[in-house]
Amino acid sequence: MFAWPKAARRLIPLLDRVLVKRIEAPTKSIGGILLPESTQSKLNEGVVIAVGPGRRDKDGNLLPMGVSANDKVLLPQYGGNEVKIEDEDLVLFRDEDILGVLKD
């Protein structure tokens, strides 16, 4: 199970927002060679830290969220709002922007 960053507990997403911590790209190859930063790219995977209550439809009914905390998700290459809280780099996405949930 993923341990939540202490700083992330301070931010509670509103509506259909999802707070995600991106999984960092490996800094070593399988053979143990250190990779330069120029060859590393952002991975399109992350772990959900916090989830808002959901969005309301036109009748006022609460629509459930598609993800929950600790889900490993597939993220779009671009998008999201980057947030930095106490040296933690986090990203806020809308629930509809998340591409899928990765199962182990």
Side-chain angles (χ1 to χ4, degrees):
M1 182 177 269
F2 181 75
W4 288 14
K6 193 165 83 171
R9 296 181 196 169
R10 295 180 45 201
L11 179 62
I12 300 169
L14 298 176
L15 300 174
D16 64 339
R17 304 295 196 297
V18 179
L19 185 63
V20 176
K21 178 162 181 62
R22 284 189 186 269
I23 295 175
E24 296 179 14
T27 57
K28 285 186 179 181
S29 70
I30 296 172
I33 298 172
L34 291 175
L35 300 171
E37 286 187 27
S38 61
T39 62
Q40 298 174 14
S41 62
K42 285 186 183 178
L43 291 179
N44 291 351
E45 297 178 13
V47 176
V48 175
I49 303 297
V51 178
R55 183 174 42 129
R56 297 204 178 265
D57 64 6
K58 62 182 176 181
D59 296 328
N61 299 323
L62 191 63
L63 300 173
M65 297 292 283
V67 296
S68 58
N70 292 325
D71 281 351
K72 190 173 179 183
V73 294
L74 183 64
L75 303 170
Q77 186 173 4
Y78 301 104
N81 295 320
E82 294 187 9
V83 179
K84 189 166 188 165
I85 302 174
E86 295 179 11
D87 297 329
E88 291 285 342
D89 292 325
L90 306 169
V91 186
L92 270 171
F93 287 96
R94 288 189 178 272
D95 185 43
E96 62 193 29
D97 292 340
I98 293 178
L99 302 176
V101 177
L102 300 169
K103 299 288 184 184
D104 289 330

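Note that this is a predicted model, so its numbers are computed, not measured.
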What one should report as the nearest heavy-atom pair of P13 and L92 is CB-CD2, 4.2 Å

Considering all heavy atoms, the nearest A69-V51 contact: N-CG2, 3.9 Å

Distance, nearest 0.5 Å, that separates CG of D97 from CZ of R17: 9.5 Å

Using the side chain to side chain contact (heavy atoms under 4.5 Å, CB included) rule, pick out the option among I49, V48, V47 that qualifies with L19. I49

Would you confirm whether D57, through its side chain, and D59, through its main-chain N or O, come within 3.5 Å as a donor-acceptor pair? yes

So which heavy atom on P53 is nearest to which on L14, and how close? CD-C, 4.3 Å

Smallest heavy-atom separation, L74 atom then I98 atom, equals O-CG2, 3.7 Å

Over all atoms of both residues, closest heavy-atom pair of E88 and K21: OE1-NZ, 3.3 Å

Are V20 and V101 connected in the hydrophobic side-chain network, where two residues link if heavy atoms are under 4.5 Å apart? yes

Return the CG to CG distance between L90 and N81, rounded to the nearest 0.5 Å. 12.0 Å

Kindly write out the residues that satisfy side chain to side chain donor-acceptor pair (under 3.5 Å) with D16, not counting sequence neighbours, or none if the list is empty. R94

If hydrophobic clusters are built from ILVMFWY residues whose side chains come within less than 4.5 Å, do L102 and V73 share one? no

With a sphere of 6.0 Å drawn around CG of D87, does it hold more than 12 non-hydrogen atoms of other residues, nucleotides or ligands? no

How about V91 and R22: do any of their side-chain heavy atoms sit closer than 4.5 Å? yes

So R55 and L15, do their side chains get closer than 4.5 Å, heavy atoms only? no

